> 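Just passing along the structure, written as structure tokens.
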Amino acid sequence: MGVALGRVMNDETASAIRQRLRVTGVVQGVGFRPTVYQLATALDLSGCVGNDSAGVFVELEGPRPAIDDFVLRLVAEPPPLAHIDAIDRRDIEPTGESDFVIVESRRDDNASTLVSPDLEVCADCLSEMNDPANRRYRYPFINCTNCGPRFTITRETPYDRPLTTMASFLMCDTCQAEYDDPADRRFHAQPNACADCGPHIWLEKDALQPFDDVIAASRAAIAAGEIVAVKGIGGFHLACDARNADAVATLRQRKHRTAKPFAVMAADLVTAEQIADLADAERTLLTSPQRPIVLVAESATSGLDAEVAPGNSHLGVMLPYTPLHHLLLEPGDVWVMTSANYASEPIVKDNTEARAKLGELADTLLLHDRAIHVHCDDSVVRVAAGAELPVRRSRGFAPFPVRLPVAVPPTLAVGGELKATFCLADGNNAFMSQHIGDMENIETLDAFTAAVDHMTGLFRIEPERVVADMHPRYLSSRWAEDHYTDRLIRIQHHHAHIGSVMAENGHTGPVIGFSFDGTGYGTDGSIWGGEVLLGDLDGLSRVGHLGVAQLVGGDAAVKRPYRMALSHLWAASIGWDEDIPAVAQTSAEEQRIIRQQLETGLNSVETTSMGRLFDAVASLAGVCHEISYEGQAAIELEALGTPDAEGEYRFDLITNETGLIVDPSPVIAAVAGDVTSGVSAPIISTRFHRALAAAMVASAREMRQRYHIDTAALSGGVFQNVTLLEAAKRGLEESGFEVLTHRLVPPNDGGLALGQIALAGRR
Ligand code: ZN
Ligand code: ZN
Ligand code: FE
């Protein structure tokens with residue numbers, strides 16, 4: 001017995017077996033095959049490795065313990081940018097071959113693989129770029145398997161050079177040798193290039209003139225107060241010196257952008273520390289490989305022009321993420337870097353388009369000839385309660401999937417209207433698209449269609465079902481009707497928000513959901529936005545809402561918060577006293593019109609919108625009466641808050657058998673009282689935020705008593721408000737609730753599509 005066992009073990013260790021491994025996850029374009037090659041040869045294993053449409057396949061031949069060791073080591077130390085979802089192993093017939101080889105990519109139409117997002121230039125490449133002895137000294141397109149563009153240059157999978165926008169560049173012998181050498185950091189680095197064979201940069205100005213040193217000429221243009229359009233990874237930026245008031249004013253004027261903050265790029269972390277007061281979590285985000293724009297507190301001594309982010313205590317800051325950025329910005333430099341587009345059109349990404357559209361916006365174009373296949377805007381994040389809170393999930397994140405807690409059939413969810421994204425899902429993978437923009441014009445719709453085509457192609461997912469918002473006039477909903485009437489499912493807007501935060505937390509329910517935003521089409525045809533929902537991923541229902549007010553004049557009420565102030569005063573039966581700033585600044589004629597609309601209900605819609613309540617309070621407090629970008633009044637109101645202020649307002653909680661109403665009347669009365677007696681806006685702001693958090697806790701307790709549910713889920717654009725989010729989370733947790741908040745996708749409509757997928761999943 002003992003002998004027999006010993007011989008079996010002996011056989012097992014000595015004789016060669018062959019196994020086929022299938023590795024899925026983010027495994028292409030991240031240096032996976034060289035890692036496999038090096039590990040296999042180190043362990044004396046023969047076989048092969050290659051990419052196909054499903055991921056990476058590996059065949060290994062050798063003693064079983066060595067193969068086990070291989071798998072353990074691969075899982076323990078994958079390439080830095082890789083993300084292994086699973087390794088599937090099966091025995092196959094040994095072939096007796098003695099080499100380990102990397103084989104050509106295979107195409108297979110029935111499987112999907114994960115494509116890596118675009119990532120910042122790595123430290124190794126940067127030090128080479130800064131080394132005068134290196135052959136890529138100051139070369140703006142240096143990259144390797146650990147860094148560089150991916151998603152935005154990939155036309156199709158598998159991720160191989162001929163299927164990227166690098167296809168037109170023929171590698172020189174030196175680059176080719178790196179590309180072919182399994183021991184090299186650039187082994188099969190698809191965008192591999194050098195100054196001899198790869199893309200290059202140039203400047204275009206009114207009078208075409210050659211620039212010997214494009215970088216020096218670009219810096220000189222910025223120093224002279226010019227606006228330079230800089231082609232990047234996912235599109236163009238408009239750049240100018242953030243300390244030059246004339247340049248910033250010119251940019252605002254040309255872009256017709258009066259108040260919406262501009263993001264800035266600081267040359268390095270030291271420079272970022274000079275303009276902003278950074279917390280540790282913010283430093284970590286700023287220097288992460290995704291390199292998002294991080295919304296941070298501007299320091300009092302930043303020296304930046306006030307018009308960079310007017311009326312806003314927060315500043316969007318990012319660090320350089322392409323080699324070109326590193327060449328352009330020198331320590332101490334802070335440049336405005338805003339997406340190059342008109343208003344709500346998509347970001348410009350092609351040279352011809354840049355020449356046609358950016359000529360009036362920029363004085364100089366800094367172009368290159370590596371084509372951008374799909375546009376991808378910068379991502380935006382904030383820190384809330386010490387954790388990452390996405391505001392826009394795009395470059396660096398897309399198309400990395402979110403894991404779904406329920407497996408779904410191939411599904412496309414088209415999202416909402418503003419901050420549009422879509423989501424393509426199959427099984428447990430939900431691929432959120434990059435930020436598309438506000439779906440208000442044909443250009444954005446075209447970009448949406450192109451992005452859907454791109455992603456369905458990349459992942460080979462043909463949607464069996466398509467999910468859209470219930471709003472009959474959203475362009476996304478109409479697009480879905482036009483293309484997929486036969487397989488269309490509609491999910492209510494605020495349900496989708498809660499589904500989104502549940503899905504990313506891997507939570508199937510049940511929850512008490514607080515879905516607070518500006519606008520969403522309700523099941524009763526009115527405008528919802530302050531909703532308390534109950535249920536799980538099989539279905540949610542409305543059990544409570546903010547007290548009803550009138551949206552007088554429709555869109556006009558959204559653009560002019562003072563209309564909401566008057567409307568909420570009316571709903572609370574409070575007179576329009578001229579001592580209230582919102583009333584004082586409304587002309588007698590407009591007051592007459594508003595009153596008429598309120599009395600008759602003509603040209604007026606009922607709403608429970610929380611965003612509009614923020615507008616009303618911001619106007620009542622004299623903070624903001626008219627807006628020029630979405631959410632402006634609420635953002636400015638939040639920015640004023642001061643933790644030192646005393647007191648808080650109180651909402652009335654009206655309960656009945658069917659649910660509850662959060663009545664804002666006492667809050668409106670208190671704000672009107674405070675403002676007329678000279679209480680400052682910061683104190684009003686603080687008292688209001690506290691009241692809303694307290695109302696949420698009270699509502700959640702009421703619902704827990706009735707339904708014995710102790711998980712609360714917070715979603716909707718209002719929860720980009722960190723003051724509210726932190727106060728509500730703290731209050732709910734102190735009352736014993738588990739609180740689900742967003743970490744992976746935005747609480748705003750940019751995260752909506754994920755919830756649409758999650759809620760349609762089990763229908
Ligand atoms: Zn690199
Ligand atoms: Zn080369
Ligand atoms: Fe929404």
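First listed ligand is number 1; within each ligand, the first listed atom is number 1. What you see is a predicted model; the values in this text were computed from it and never measured.
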> Please lay out, stage by stage, how E178 and R135 fare under the test salt bridge (Lys or Arg N to Asp or Glu O under 4.0 Å).
CA-CA 13 Å; E178 294 168 335; R135 72 185 194 91; 3.3 Å; yes
> To the nearest 10 degrees, calculate the angle at the Fe ion (ligand 3) involving OD2 of D517 and NE2 of H493.
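With the Fe ion (ligand 3) as the vertex, the angle is close to 90°.
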> Can you check the angle at the Fe ion (ligand 3) formed by OD1 of D749 and NE2 of H497? Round it to the nearest 10°.
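About 90° at the Fe ion (ligand 3).
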> Could you check whether the rings of H325 and Y321 sit parallel, tilted or perpendicular, using 30° and 60° as the cut-offs?
perpendicular
> Can you tell me how the ring of F516 sits relative to the ring of F514, calling it parallel under 30°, perpendicular over 60° and tilted otherwise?
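The arrangement is perpendicular - the two ring planes meet at more than 60°.
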> Using the Zn ion (ligand 2) as the apex, give the angle to atoms SG (C175) and SG (C197), rounded to 10 degrees.
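Value, to the nearest 10 degrees: 110°.
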> Taking the Zn ion (ligand 2) as the vertex, how big is the angle to SG in C194 and SG in C172, rounded to 10°?
110°
> May I ask you to decide if the ring planes of F688 and F651 are parallel, tilted or perpendicular, using 30° and 60° as cut-offs?
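The rings of F688 and F651 sit tilted, inter-plane angle from 30° to 60°.
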> Considering residues at least two apart in sequence or located in another chain, which fulfil the ring-ring contact (aromatic ring centres under 6.0 Å, His included) criterion with H568?
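Residues passing ring-ring contact (aromatic ring centres under 6.0 Å, His included) with H568: none at all.
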> Is there a side-chain contact between Y521 and M470 (heavy atoms, below 4.5 Å)?
yes
> Using a distance threshold of 2.8 Å, what protein N/O/S atoms lie below it relative to the Zn ion (ligand 1)?
C122 SG, C125 SG, C144 SG, C147 SG
> Parallel, tilted or perpendicular: which describes the rings of H368 and F141, with under 30° parallel and over 60° perpendicular?
perpendicular
> If the test is salt bridge (charged side-chain N to carboxylate O under 4.0 Å, His left out), which one of R395, R393, R291 qualifies with D378?
R395
